[in-house]
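Taking it in order: structure first as structure tokens, then the write-up.
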Amino acid sequence: MTPFRHWFLATLAASVVSAEQVQKSCLELPDSAAAHKEAVKDLFVTSYEAYQKYAWGHDDLLPVSESYSDGRNGWGASIADAMSTMLIMNLTEWFEQAVNYTADVDFTISNTSDTVSLFETTIRYVGGFISAYELSEKKYPVLIEKAQDLADQMVYAWVGEQSIPYGFMNFTTHQPTVATSNIAEAGTLTLEWNRLSEYTGNSTYQELAEKSVQHIINSSVPLPGMPAQGINPKTGNPVGGYVTWGGGSDSYFEYLIKYARLTNTDDNSYADAWLTAVDTSMKTLLRTSDVGNWLYLADYDDDKNIRHVGSHLACFYGGNWILGGKLASNDTMVNIGLQLTDACWNTYASTATGIGPEAFAYASNDGNYTGGAGPDPGQFAFYNAHGFYITSSDYILRPEVLESNFYAWRVTGDTKYLDNAASALSSFQDFLPTTVAYTGLNDVNDQGSTQIDDMESFWFAEVLKYLYLTFDDPTHISLDDYVFNTESHPFKAPAAKDTYGSVSPQPVPWQPFSPESTSTAPLPLVSSIPALL
Ligand SMILES: *[C@@H]1O[C@H](CO)[C@@H](O)[C@H](O)[C@H]1NC(C)=O
Ligand SMILES: *[C@@H]1O[C@H](CO)[C@@H](O)[C@H](O)[C@H]1NC(C)=O
Ligand SMILES: *[C@@H]1O[C@H](CO)[C@@H](O)[C@H](O)[C@H]1NC(C)=O
Ligand SMILES: *[C@@H]1O[C@H](CO)[C@@H](O)[C@H](O)[C@H]1NC(C)=O
Ligand SMILES: *[C@@H]1O[C@H](CO)[C@@H](O)[C@H](O)[C@H]1NC(C)=O
Ligand SMILES: *[C@@H]1O[C@H](CO)[C@@H](O)[C@H](O)[C@H]1NC(C)=O
Ligand SMILES: *[C@@H]1O[C@H](CO)[C@@H](O)[C@H](O)[C@H]1NC(C)=O
Ligand SMILES: *[C@@H]1O[C@H](CO)[C@@H](O)[C@H](O)[C@H]1NC(C)=O
């Protein structure tokens, strides 16, 4: 073969098998983007200056009372969560200050009287430190040391030979709190603990996180690929049969495809489990509202009833299907992901403040059952105008709708997603300010709503990062180069593989579904776990 012919064939082969890019090539930002980007940075700067002044070293700023709270063990959750965003916004001096503070914190002991959450500590602190370590070109190894200090305490959540960790533990005694866990708590560790093993050279972290997810993938399920929300760490059995993409289950599904992408593992079980969950969701959970034709993913309850409910938390699903659909080269999934994103955006576009509510419901051609009270007459009018009605009216600075909107922009280049982001930014500027910073609302459908006195750390980590990146140069933190953890901390990913998952996803071995009763171990309702991401 001539060298030319060899080159030609090799080029042809490479182009035939090369993976579909996630982001649209040659995205172009309109001139207005630069000013919007600066306006988002201003929100960050104002918020962080207030945090420094009134709450430095504590977890959250209380922006109405100009005080602080310590709901994340008092280690400075806002500092940990803000670091990766600072690096993206080039706030380098504050970043150095944050590293200096963190270097002096003792993470081997809770600085409050609370137990430690495996899930929250992993996604905010461990995830935040690892992402900051990478984004600062690995110049601050202390960030890995601190992440490891935390993980070395959290390994006690796995008791004996159990595959599933407990959700909370006492750092002083190394005793976990014995209670029912959920698949989000047990299944949202792989990205962070894999990276921790890579940087420490200790494979234990990755093995524990994988063992937990593998157990869930392999357990008996109410619907193919869709495990029940509850799980008993002691027995490893499902608890109840509640299936949802919302809180308590959400990031288990999110991480299946992201873990396959971050590691490029030859083990197809993660991607296959995700593909199976999406396939089932298309067949069983997709619902179109009978007003407005908005597309939602319903819940499926213990009694096998479809619940026509949605939530801000669950609205990550649009972005997750867009990403996974691209990786699996499945346009159907991408298109559904875009429609799910549009329906979630409609919950913003429809309210008096232009900000979406915590929870909502709708009706479709199979009724309007929600598991709770049906719509009251006042909600009926709202439903007929907007194709959803509000069941929890608060906004606690959650990111998921703008997160999916960010994926939709980077993947399609449709400027309507920039318009959405600009509209949300304007609503935040109008309705969220306190005297010193920004805060949540009790009623997004009331322009005179009372405020919620808390600035969650995910305001820094997620909302402001996704908004900023929407208006930023699309090659900065490209979705082809980074995988975001569920707290929006980006991890650098290797070049993508050709495809993710098996050509025909492997069905998991059939096992009869025999959950433990819910009556002895009540599951958390979505609305009762407001801080869960
Ligand atoms: C980041 O800020 C520094 C000054 O603090 C400046 O020298 C540098 O050019 C900035 N980098 C970018 C990418 O804007
Ligand atoms: C961080 O600590 C180093 C070493 O003590 C010091 O040189 C530097 O000025 C500090 N940076 C900030 C922003 O506080
Ligand atoms: C921990 O709590 C004490 C008060 O209980 C406080 O003085 C200290 O600054 C807190 N933070 C750290 C990192 O120790
Ligand atoms: C952790 O255990 C110690 C020692 O038994 C106890 O004093 C403390 O109250 C426990 N903390 C929590 C949050 O249960
Ligand atoms: C790896 O980490 C685990 C969990 O903290 C620990 O028990 C083990 O001793 C570590 N292994 C090595 C070789 O340091
Ligand atoms: C999955 O379940 C099958 C059948 O029960 C079992 O043989 C296999 O070892 C399990 N695999 C994992 C990773 O748990
Ligand atoms: C995309 O995924 C759906 C759901 O699993 C499947 O029915 C469809 O055949 C897939 N399309 C392609 C082109 O693979
Ligand atoms: C909900 O279903 C009930 C019973 O079928 C029906 O009377 C009611 O009009 C429905 N409400 C909405 C908003 O669709």
Side-chain angles (χ1 to χ4, degrees), residues 29 33-42 44-45 48-49 59 69-75 82-99 106-122 125-126 129-130 132 135-137 139 141 144-163 165-179 189-190 192-212 465 468-469 471-478 481-482 490:
L29 283 166
H36 288 135
K37 187 175 93 164
E38 284 314 305
V40 178
K41 189 169 173 178
D42 285 348
F44 186 98
V45 167
Y48 201 75
E49 280 175 343
D59 290 336
S69 69
D70 284 305
R72 301 280 161 232
N73 307 100
W75 295 315
M83 278 194 215
S84 65
T85 309
M86 287 173 185
L87 290 163
I88 285 170
M89 293 182 174
N90 197 25
L91 294 165
T92 44
E93 195 161 329
W94 280 356
F95 173 69
E96 204 181 290
Q97 179 195 47
V99 175
D106 183 357
F107 288 95
T108 66
I109 187 95
S110 173
N111 202 32
T112 68
S113 59
D114 295 328
T115 50
V116 177
S117 161
L118 172 65
F119 169 81
E120 298 286 357
T121 304
T122 294
Y125 291 105
V126 175
F129 296 158
I130 292 172
L135 292 172
S136 58
E137 280 146 15
K139 276 191 301 216
I144 298 301
E145 289 161 24
K146 295 299 174 178
Q148 186 171 24
D149 285 349
L150 285 166
D152 283 339
Q153 293 282 40
M154 291 195 283
V155 295
Y156 295 102
W158 283 263
V159 175
E161 293 304 302
Q162 289 174 204
S163 297
Y166 286 104
F168 292 84
M169 76 222 78
N170 183 323
F171 265 23
T172 310
T173 61
H174 296 160
Q175 293 301 308
T177 307
V178 175
L189 309 165
T190 47
E192 297 83 357
W193 290 52
N194 169 286
R195 277 287 147 105
L196 190 59
S197 282
E198 183 178 329
Y199 292 134
T200 61
N202 184 334
S203 60
T204 300
Y205 312 113
Q206 173 181 347
E207 284 160 12
L208 288 170
E210 288 187 352
K211 178 168 78 167
S212 179
K465 185 186 288 115
Y468 183 86
L469 286 175
F471 298 120
D472 199 6
D473 173 357
T475 63
H476 190 201
I477 317 290
S478 164
D481 301 331
Y482 288 88

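Atoms within each ligand, like the ligands themselves, are counted from 1 in listed order.
Listed by atom number, the atoms of ligand 5 under 4.0 Å from N202 heavy atoms are 1 (C), 2 (O), 3 (C), 8 (C), 10 (C), 11 (N), 12 (C), 14 (O).
Protein neighbours of ligand 4 below 4.0 Å, counting non-hydrogen atoms: S113, D114, T115, N170, T173.
Not a single side chain to side chain donor-acceptor pair (under 3.5 Å) links Q162 to another residue, sequence neighbours left out. Scanning for side chain to side chain donor-acceptor pair (under 3.5 Å) contacts around T200 gives an empty result, with sequence neighbours left out.
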Less than 3.5 Å apart, which donor and acceptor atoms pair up between the side chains of residues 88-98 and the rest of the protein, not counting sequence neighbours?
| residue | atom | partner | partner atom | Å |
| --- | --- | --- | --- | --- |
| Q97 | OE1 | Q52 | NE2 | 2.8 |

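Remark: the backbone N or O of P176 is not paired with any side-chain donor or acceptor of N170 at under 3.5 angstrom. Under a 3.5 Å cut-off, the side chain of S197 and the backbone N or O of Q206 do form a donor-acceptor pair. Remark: the backbone N or O of S163 is paired with a side-chain donor or acceptor of W158 at under 3.5 angstrom.
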